[in-house]
Amino acid sequence: MHTRRAILPDLIEGFSQADTLLPRPLAEICENVRDFHVVEEDGNIIGCGALHLYGVHLAEIRSICVSPELQHRGAGTLLIDALLAEADHHHVSCVCLFTLIPSFFSRFDFRIVTREAIPDKLYKDCLLCPKLHACDEIAMVRGELPKTAILGKVPVEVPLVKLGA
Ligand SMILES: CC(C)(COP(=O)(O)OP(=O)(O)OC[C@H]1O[C@@H](n2cnc3c(N)ncnc32)[C@H](O)[C@@H]1OP(=O)(O)O)[C@@H](O)C(=O)NCCC(=O)NCCS
């Protein structure tokens, strides 16, 4: 069992075969495939998960899923480790997620926070979500809470990168 970066066929075939994954439009899969890592065993994809980058101040773990019949054998842990390593690789100081099972994530040093503590997530997804005022998911973070945000009405404090200087 090992993790690796996803390629398009992993996700296209995964979404067409697995009942546990929400079907996504092809364009959305293509746009996001580079966020995904998969767990592979004997040539089969048995799980996937994504790391969405907002900036060095914040990234989000999303879409973590292991085939139901192959859970409790360490695949979920491998995925989280791979996504946290990816966050480290990009020098990200805070990783967040929304979940219904906080006990799984507290094993990786995630702690519960209010969603207002991660404004980029609030602006990207929550404000568009029909469950905005009836959210049953728990927000968690690992690392330093972000001191800045790049979306919404929050002032931009992230310095612009100069290209070709
Ligand atoms: C959460 C999930 C990814 C874990 O994958 P996994 O391969 O079983 O994880 P691991 O084998 O590395 O770790 C298993 C441990 O995680 C914890 N765990 C797993 N599922 C859990 C759940 N639903 N609730 C609470 N803890 C859970 C348990 O401590 C478990 O230990 P155990 O095997 O001794 O019972 C998998 O259960 C899954 O795909 N669930 C459905 C989708 C989902 O809920 N995703 C999370 C969205 S934020």
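Just so we're clear, the structure is a prediction, and the values are computed from it rather than from any experiment.
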Looking at Asn32 and Glu28, would you say the former's side chain and the latter's main chain have a donor-acceptor pair under 3.5 Å?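 A pair under 3.5 Å: yes.
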Whether Thr99 side chain and Ile101 backbone form a donor-acceptor pair below 3.5 Å: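 Yes, because the side chain of Thr99 sits within donor-acceptor range (under 3.5 Å) of the backbone of Ile101.
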Below 4.5 Å, heavy atoms only, C-beta onward: do [X] and [Y] meet side chain to side chain?
X      : Y      : answer
Leu26  : Ile12  : yes
Phe105 : Ile138 : no
Glu41  : His2   : no
Val141 : Arg111 : yes
Met1   : Leu78  : yes

How far does [atom1] of [X] sit from [atom2] of [Y], to the nearest 0.5 angstrom?
X      : Y      : atom1 : atom2 : value
Glu40  : Ile45  : CD    : CD1   : 4.5 Å
Phe36  : Arg4   : CZ    : CZ    : 13.5 Å
Ile64  : Leu79  : CD1   : CG    : 5.0 Å
Asp88  : Leu83  : CG    : CG    : 11.5 Å
Leu127 : Leu122 : CG    : CG    : 5.0 Å
Asp81  : Glu86  : CG    : CD    : 13.5 Å

Provide the closest heavy-atom pair for [X] versus [Y] in the form atom of the first, atom of the second, distance.
X      : Y     : result
Leu145 : Cys94 : CA-SG, 4.3 Å
Ala75  : Ile46 : CB-CD1, 4.0 Å
Arg107 : Thr77 : NH2-OG1, 3.0 Å
Thr3   : Ala82 : OG1-CB, 3.8 Å
Val38  : Arg5  : CG2-O, 4.5 Å
Leu51  : Ala87 : CD2-N, 3.7 Å

Would you call [X] and [Y] a salt bridge, taking side-chain N to carboxylate O under 4.0 Å as the test?
X      : Y      : result
Glu144 : Lys147 : yes
Asp35  : Arg62  : no
Lys131 : Glu137 : no

Centre of Phe98's six-membered ring, under 6.0 Å away, within 45 degrees of the axis: is that where NZ or CZ of Lys121 sits?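 Judged by the rule, Lys121 and Phe98 form a cation-pi pair.
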Are Ile29 and Ile7 grouped together when hydrophobic residues (ILVMFWY) are joined by side-chain heavy atoms under 4.5 angstrom apart?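 No: no chain of side-chain contacts under 4.5 Å links Ile29 to Ile7.
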Would you say Phe110 ends up clustered with Ile112 if hydrophobic residues are merged whenever their side chains have heavy atoms under 4.5 Å apart, either directly or through other cluster members?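 Same hydrophobic cluster.
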Hey, which of Val92, Leu84, Leu97 is the one that makes side-chain contact (heavy atoms from CB on, under 4.5 Å) with Arg142?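 Only one option passes, and that is Leu84.
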Distance-only side-chain donor-acceptor flag, His57 / Asp120, under 3.5 Å: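 Yes.
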Give the intermediate values and the outcome of side chain to side chain contact (heavy atoms under 4.5 Å, CB included) for residues Cys48 and Asp10. CA-CA 9 Å; Cys48 68; Asp10 298 331; over 6 Å; no
Hey, mind stepping through Ile118 and Leu58 against side chain to side chain contact (heavy atoms under 4.5 Å, CB included) and telling me if it holds? CA-CA 8 Å; Ile118 37 178; Leu58 187 67; 4.0 Å; yes
